[in-house]
*Asks:* 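First the structure, then my questions, so here it is.
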Amino acid sequence: IHMGHVRNYTLGDVVARYKRAKGFNVLHPMGWDAFGLPAENAARDQGIHPAKWTYDNIDNMKAELKSMGLSLDWSREIATCHPGYYRHQQQLFLEMLEHDLVYRRKSVVNWDPVDQTVLANEQVIDGRGWRSGALVEKRELAQWFFRITAFSEDLLSALDGLERWPDRVRLMQENWIGRSEGVRLKFDLKDRDDMLEVYTTRHDTLFGATFCALAPDHPLAKKVAEGDAAAADFIAECNRMGTSEAVIERAEKKGYDTGLRAVHPFDGRELPVFIANFVLMEYGTGAIFGCPAHDQRDLDFARKLGLDVIPVVAPKDADAAAFAVGDEAFTDDGRLINSDFLDGMTVPDAKAEMAKRLEDMGRGTRTVNFRLRDWGASRQRYWGCPVPVVHCDACGIVPVPVEQLPVELPDDVTFDTPGNPLDHHPTWKHTECPTCGKPAHRETDTLDTFVDSSWYFARFCSARADVPVEKGAGAYWLPVDQYIGGIEHAILHLLYSRFFVRAMRKCGHLDFDEPFAGLFTQGMVCHETYKSADGKWLYPEEVDFSGETPVLAGAGTPVTVGRSESMSKSKKNVVDPGSIIGQYGADTARWFMLSDSPPERDLEWTESGVQGAWRFTNRIWRLVVGAIDHLPAPGSAPPEETTNAAKEMRRAVHKAIVAVTDDLEAFRLNRAVARIYELTNTLSEQSEPVDGWTLREAMETAVRLIAPMMPHLAEELWHRLGHDILLAQCDWPEADMALAADDTVTIAVQVMGKLRGTLEVAKGMDKSALEAAALELDKVQRAMDGKPARKVIVVPDRIVNVVV
RNA sequence: GCGGGUGUGGCGGAACUGGUAGACGCGCCAGACUCAAAAUCUGGUUCCCCUUGGGGAGUGGGGGUUCGAUUCCCUCCACCCGCACCA
């Protein structure tokens with residue numbers, strides 16, 4: 001495990017332990033997202049079977065997690081690579097297939113011809129495969145897709161109801177789903193029978209259209225290319241262009257005139273139809289009309305090719321006749337010009353009118369369009385969940401009957417040939433068609449590992465059940481009350497899970513829509529980076545800080561200290577949790593994880609910070625152990641009379657309970673830690689002796705407050721304080737509000753808004769008494785300089801401000 | 001380009017619905033203990049100025065609202081994150 005895990009699981013464990021102490025029935029499980037490429041890479045590079053590699057890792061990680069003292073329910077442990085898990089995933093897949101939420105279609109993929117595999121966009125670097133370095137080709141392959149777009153509207157609108165999600169994540173999902181309202185509109189093509197359909201959100205600017213453009217892989221473009229070699233070349237050139245950000249940014253707008261002419265539906269102008277490199281087949285209809293005056297891309301394109309620019313919207317206060325567009329398209333609202341029946345309208349009015357006219361003419365339909373695409377889930381890999389279908393020449397795609405599930409991965413695979421090991425396996429894919437019994441072959445695609453993680457939280461509810469989720473268990477536990485994860489999951493994992501829960505509802509497994517009622521996105525764990533003189537990254541333990549400047553340990557050569565970044569193996573700025581836990585103990589590591597930085601922000605790992613946590617661990621130990629001899633037995637009666645010192649101590653104790661409880665409820669764990677420091681400072685600075693009963697209450701409270709954060713230390717101290725049952729079985733301490741309340745209050749006294757003194761007065765003192773007391777202060781008199789008070793603002797229990 | 005966020009001591013960060021800016025931790029300084037060091041304990045620590053006592057400035061810059069602004073409004077700057085030719 002790495003420090004990010006330590007932080008994540010510490011946060012979760014604090015919540016679990018706190019909520020348990022508050023009387024909740026808490027399900028705090030652990031599972032392993034265990035399929036995926038790393039296991040296959042290890043197999044190929046080290047000759048270890050992916051299963052062995054994976055289960056060995058699980059054993060190691062489990063031991064490390066156990067050393068952290070996490071209050072996990074290991075009886076519900078799951079691993080997504082276990083047939084007992086993926087069997088149910090296969091069943092869900094088949095049910096979704098039946099409900100038309102899964103389908104297979106051809107789609108363009110990045111194909112690495114050397115490794116014989118499909119690559120994700122992130123694995124294509126400068127047009128080459130990240131591993132093989134081979135030029136990546138675009139290929140059409142039949143792939144499995146989840147029909148996430150069936151829920152586009154709902155996935156978007158339901159975001160409003162996710163009140164306990166960060167706004168940031170909701171916004172990112174909103175943008176990702178990308179809803180837009182527009183019109184699909186058909187142009188006649190001159191001298192042809194077919195029509196060209198485009199999608200637009202700016203139908204109000206139709207009179208400003210000066211061209212149309214097709215995506216390079218648009219069917220019409222392909223048809224043109226059949227009889228036009230130059231067009232075919234242009235399309236091929238577009239396809240060679242990478243999809244990486246850098247390429248797109250630099251790419252110039254290019255177009256090829258097909259010779260086709262689209263006829264403007266209102267004024268009959270003939271618009272040239274181009275094939276253009278900036279039009280995407282995947283969005284809308286894969287074709288656009290271009291209105292250069294009011295769209296920057298269209299304008300760039302028009303300037304490049306010398307096309308007309310006709311402004312049709314002018315700023316409200318501009319002289320319409322003189323309005324012209326330079327190098328910047330005008331995209332704001334304004335008044336329509338040069339647009340016949342739309343002239344004088346605002347943009348929204350013009351949109352409404354144009355949409356209505358187009359619909360009346362039968363040329364257009366108002367359409368809601370989404371950016372969201374269906375989720376391509378096929379992977380040509382071994383270490384993943386097999387897609388449970390059979391391909392039969394006679395029957396087509398045939399689902400594997402449920403009673404034959406799981407379709408298990410074969411053990412005896414090799415990784416020495418490129419491509420999908422399931423495909424090369426001598427026997428595995430050969431089977432009989434479940435319908436007709438003739439020879440058939442199994443699907444050799446496995447599922448994207450995001451599928452595995454899209455429903456595991458539901459599996460925890462009944463981890464050993466022979467159905468994916470037992471109805472009662474799912475209804476009792478779900479949705480997840482508190483989910484904690486990194487921001488990197490803001491879109492994919494969280495969106496896929498939201499889709500899966502909806503799909504599982506449709507298939508009758510669950511009866512709610514949202515998987516995670518509360519989401520918390522934690523920050524990363526960061527550390528300084530170090531580079532040696534020859535520019536190589538160094539591990540922190542390779543650097544010697546004992547001298548004036550840091551040097552390479554042993555060699556003495558200078559070391560450059562870089563900025564603090566998220567811990568990563570590639571930059572070697574990592575600290576191994578195992579060695580920290582070995583050196584300081586789990587409680588100190590946990591305590592440090594919670595100190596200082598708010599959980600949602602990045603945490604800077606520093607050696608001195610850990611030592612601070614270690615000092616506190618020792619300090620509270622000495623404080624409590626040192627008091628034990630002065631304490632009466634647990635449960636003794638309180639003294640008849642109390643001293644002022646005892647009263648003060650109880651006030652501090654009960655105030656701390658109130659504050660820590662509030663902070664835990666609000667997930668302000670760094671503040672909860674600060675409050676506990678405050679309490680222990682007060683307790684150790686106590687000079688006047690107090691009675692044993694009060695001291696016991698104070699020590700026990702301190703121990704109970706640290707328990708969610710430092711469970712081992714807390715249990716040991718609790719035991720030493722004379723208790724027989726575990727602190728983990730005890731309730732959270734309750735604050736006595738009357739004891740916590742202050743009876744005096746400090747009032748700030750200002751003259752003209754500047755602090756001139758303070759008053760220590762009884763709580764609730766009335767305005768006139770406060771005013772009188774404030775005006776008597778020496779410093780106030782001096783600051784007023786003999787002038788009369790024009791006005792005195794008094795806020796009881798807070799402030800007096802004298803205006804002269 | 002579009003969308004969002006952040007900015008407070010040497011550092012991480014506190015500050016409830018506008019009401020004593022800097023809680024708590026780190027670091028640093030001084031003292032105690034020690035032959036010494038470590039550990040521990042005590043005190044101090046926003047900056048500037050005058051010896052105590054006090055005065056002034058101060059929450060990225062500028063402006064505004066207010067008796068009073070880290071908090072609300074306008075504007076500019078810096079950094080960070082997400083999406084990215086989405087018609």
Side-chain angles (χ1 to χ4, degrees), chain A residues 166-176 178-180 182-183 198-203 205 213 215 243-245 247-249 251-253 276-280 282-291 294-298 300-301 331 369-373 487-488 490-491 526 564 591-592 595-598 601-604 606-613 615-616 618-619 622 659 662 668 670-681 684-685 746-759 779 782-783 789-795 797-804:
Chain A
D167 289 343
R168 181 156 76 123
V169 175
R170 291 197 281 184
L171 193 71
M172 281 164 76
Q173 292 218 348
E174 191 182 317
N175 291 338
W176 187 262
R179 183 181 195 276
S180 73
V183 169
V198 303
Y199 173 74
T200 180
T201 57
R202 289 303 303 273
H203 34 290
T205 65
T243 51
S244 73
E245 284 177 30
V247 173
I248 288 168
E249 206 159 295
E252 278 188 69
K253 302 274 180 290
N277 63 345
F278 68 96
V279 180
L280 305 173
E282 301 86 52
Y283 189 77
T285 62
I288 61 161
F289 79 74
C291 174
H294 306 290
D295 181 286
Q296 193 59 47
R297 290 158 306 177
D298 295 351
D300 294 345
F301 187 74
T331 54
N369 207 25
F370 293 91
R371 217 191 70 119
L372 186 67
R373 320 270 162 77
I487 188 70
E488 69 273 17
I491 295 175
C526 299
S564 181
W591 185 257
F592 176 66
S595 310
D596 292 354
S597 289
R601 281 205 224 171
D602 288 352
L603 171 80
E604 168 77 6
T606 60
E607 190 62 28
S608 55
V610 186
Q611 274 163 14
R615 267 200 292 277
F616 176 73
N618 286 291
R619 210 148 74 82
R622 284 196 306 269
D662 280 359
R668 294 184 297 239
N670 58 317
R671 249 177 47 161
V673 164
R675 296 302 199 168
I676 291 170
Y677 272 116
E678 233 168 346
L679 175 64
T680 52
N681 286 348
S684 50
E685 283 159 14
T746 310
I747 307 278
V749 182
Q750 301 179 333
V751 178
M752 298 298 287
K754 284 197 172 175
L755 184 73
R756 297 296 171 182
T758 57
L759 285 171
K779 286 188 168 186
R782 226 181 308 151
R790 274 197 292 134
K791 195 171 162 192
V792 181
I793 286 130
V794 182
V795 183
D797 291 346
R798 277 204 194 280
I799 201 162
V800 178
N801 189 13
V802 182
V803 186
V804 290

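Lettering follows sequence order; numbering is per chain, from 1. Keep in mind that this is a model prediction, so the values were computed, not measured.
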*Asks:* Kindly point out which of B:rC83, B:rU17, B:rA14 is positioned nearest to the side chain of A:R798?
*Replies:*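 When the side chain of A:R798 is considered, B:rU17 is the closest of B:rC83, B:rU17, B:rA14.
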*Asks:* Return the nearest nucleotide to the side chain of A:N277; candidates are B:rG19, B:rG55, B:rC85.
*Replies:*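 Nearest nucleotide to the side chain: B:rC85.
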*Asks:* Side-chain donor or acceptor of A:R373 under 3.5 Å from a matching atom on the base of B:rC86?
*Replies:*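 Yes, the side chain and the base share a sub-3.5 Å donor-acceptor pair.
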*Asks:* For B:rU20, does OP1 or OP2 lie under 4.0 Å from any side-chain N or O of A:K754?
*Replies:*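 The answer is no; no side-chain N or O of A:K754 sits under 4.0 Å from OP1 or OP2.
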*Asks:* Among the candidates B:rC67, B:rG25, B:rU20, find the nucleotide nearest to the side-chain atoms of A:Y677.
*Replies:*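 Nearest to the side-chain atoms of A:Y677, counting from C-beta on, is B:rG25.
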*Asks:* Among B:rC24, B:rG12, B:rC67, which nucleotide sits nearest the side chain of A:N681?
*Replies:*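 Output: B:rC24.
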*Asks:* May I ask you to say whether A:D167 pairs ionically with A:R170, meaning some side-chain N is under 4.0 Å from a carboxylate O?
*Replies:*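 Looking at A:D167 and A:R170, the cut-off is met.
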*Asks:* Taking only the side-chain heavy atoms of A:V803 (C-beta and beyond), determine which of B:rC67, B:rG13, B:rG25 contains the nearest atom.
*Replies:*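 Selected nucleotide (nearest to the side chain): B:rC67.
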*Asks:* Can you find a donor-acceptor pair, distance only, under 3.5 Å between A:R179 side chain and B:rC86 base?
*Replies:*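 Result: no qualifying N/O pair found.
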*Asks:* Do A:N681 and A:E685 have a side chain donor and acceptor closer than 3.5 Å?
*Replies:*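 Their side chains do not contain a donor-acceptor pair, so the 3.5 Å distance test is not met.
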*Asks:* With nearest nucleotides of RNA chain B determined for A:Q750 and A:P598 from heavy-atom distances, which residue corresponds to the more 5′ nucleotide?
*Replies:*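 Looking at the nearest nucleotide for each, A:P598 comes out on the 5' side.
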*Asks:* Of the listed nucleotides (B:rC26, B:rC86, B:rU20), which one gets closest to any side-chain atom of A:T746?
*Replies:*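 Selected nucleotide: B:rU20.
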*Asks:* Between B:rG27 and A:R615, is there an OP1 or OP2 to side-chain N/O distance shorter than 4.0 Å?
*Replies:*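 A:R615 to B:rG27 OP1/OP2: side-chain N or O found under 4.0 Å.
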*Asks:* If you measure from CD1 on A:I487 to CE on A:M172, what distance do you get to the nearest 0.5 Å?
*Replies:*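 Between atom CD1 of A:I487 and atom CE of A:M172 there are 5.0 Å.
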*Asks:* Please round to the nearest 0.5 Å and tell me the distance separating atom OG1 of A:T205 and atom CG of A:D298.
*Replies:*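 With rounding to 0.5 Å, OG1 (A:T205) is 8.5 Å from CG (A:D298).
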*Asks:* Would you check if there is a donor-acceptor pair between the side chains of A:S595 and A:Y677 at a distance under 3.5 Å?
*Replies:*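 Their side chains do not contain a donor-acceptor pair, so the 3.5 Å distance test is not met.
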*Asks:* For atom P, what is the distance between B:rU71 and B:rG61, given to the nearest Å?
*Replies:*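 Pairwise P distance, B:rU71 against B:rG61, rounds to 11 Å.
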*Asks:* In whole angstrom, what separates A:R601's CZ from B:rG25's P?
*Replies:*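 Taking CZ of A:R601 and P of B:rG25, I get 19 Å after rounding.
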*Asks:* Taking atom CZ of A:R202 and atom CG of A:D295, what is their separation to the nearest 0.5 Å?
*Replies:*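 It comes to 8.5 Å.
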*Asks:* Which listed nucleotide (B:rG12, B:rA87, B:rU20) is nearest to the side chain of A:V279?
*Replies:*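 Output: B:rA87.
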*Asks:* Below the 4.0 Å mark, does B:rC2 have OP1 or OP2 next to a side-chain nitrogen or oxygen of A:R371?
*Replies:*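 The answer is no; no side-chain N or O of A:R371 sits under 4.0 Å from OP1 or OP2.
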*Asks:* For a quick test of reading the model: is some side-chain N or O of A:Y199 closer than 4.0 Å to OP1 or OP2 of B:rA87?
*Replies:*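 Negative; the distance criterion is not met.
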*Asks:* With P as the reference atom in both, quote the distance from B:rA78 to B:rC67 in angstrom, rounded to an integer.
*Replies:*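 It works out to 35 Å between them.
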*Asks:* Select base, sugar-phosphate, or nothing to describe what A:S595 touches, counting heavy atoms under 4.0 Å on all strands.
*Replies:*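 If one applies the 4.0 Å heavy-atom cut-off, A:S595 turns out to touch nothing in the nucleic acid.
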*Asks:* Would A:K253 pass as a cation-pi partner of A:F278, given that its NZ or CZ must be under 6.0 Å from the six-membered ring centre and within 45 degrees of the axis?
*Replies:*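 Pair A:K253/A:F278 counts as cation-pi.
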*Asks:* Consider the side chain of A:R782, meaning its heavy atoms from C-beta on, and name the nucleotide among B:rA87, B:rG54, B:rC83 that approaches it most closely.
*Replies:*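 For the A:R782 side chain, the nearest candidate turns out to be B:rG54.
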*Asks:* Please compare A:L171 and A:I747 by the position of their nearest nucleotide in RNA chain B and report the one closer to 5'.
*Replies:*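 Upstream on the strand: A:L171.
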*Asks:* How many angstroms lie between atom OG1 of A:T606 and atom CD of A:Q611, to the nearest 0.5 angstrom?
*Replies:*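 Between A:T606 OG1 and A:Q611 CD, I get 9.0 Å after rounding to 0.5 Å.
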*Asks:* Phosphate oxygens OP1/OP2 of B:rA14: is one of them under 4.0 Å from a side-chain N or O of A:N670?
*Replies:*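 Yes, because at least one side-chain N or O of A:N670 sits under 4.0 Å from OP1 or OP2 of B:rA14.
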*Asks:* What would the secondary structure line of RNA chain B be in dot-bracket form, counting Watson-Crick and G-U wobble pairs under 3.5 Å, with [ ] for pairs that cross earlier ones and | for pairs with another strand?
*Replies:* (((((((..(((......[....)))((((((.......))))))(((((..)))))..(((((..]....))))))))))))....
*Asks:* Of the listed nucleotides (B:rC24, B:rC67, B:rG13), which one gets closest to any side-chain atom of A:E678?
*Replies:*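 Given the options B:rC24, B:rC67, B:rG13, the side chain of A:E678 is closest to B:rC24.
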*Asks:* Would B:rG60 be called syn or anti, given that syn covers angles within 90° of 0?
*Replies:*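 It is anti.
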*Asks:* Specify the closest pair of heavy atoms between A:L280 and A:A215, including all atoms of both residues, with the distance to one decimal.
*Replies:*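 Minimum heavy-atom separation between A:L280 and A:A215: C-CB, 3.8 Å.
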*Asks:* Counting only side-chain heavy atoms from C-beta out, which of B:rC83, B:rG68, B:rC85 sits nearest to A:K253?
*Replies:*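 That would be B:rC85.
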*Asks:* Counting only distance, no hydrogens or angles, is the base of B:rA87 paired donor-acceptor with the side chain of A:R297 under 3.5 Å?
*Replies:*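 Donor-acceptor pair under 3.5 Å: yes.
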*Asks:* Is A:G178 touching bases, backbone alone, or none of the nucleic acid, heavy atoms closer than 4.0 Å?
*Replies:*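 Nothing, no heavy atom under 4.0 Å.
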*Asks:* Could you tell me whether A:N175 contacts a base, only the sugar-phosphate backbone, or nothing, with contacts defined as non-hydrogen atoms closer than 4.0 Å?
*Replies:*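 Sugar-phosphate: the residue A:N175, judged by heavy atoms under 4.0 Å, touches backbone atoms but no base.
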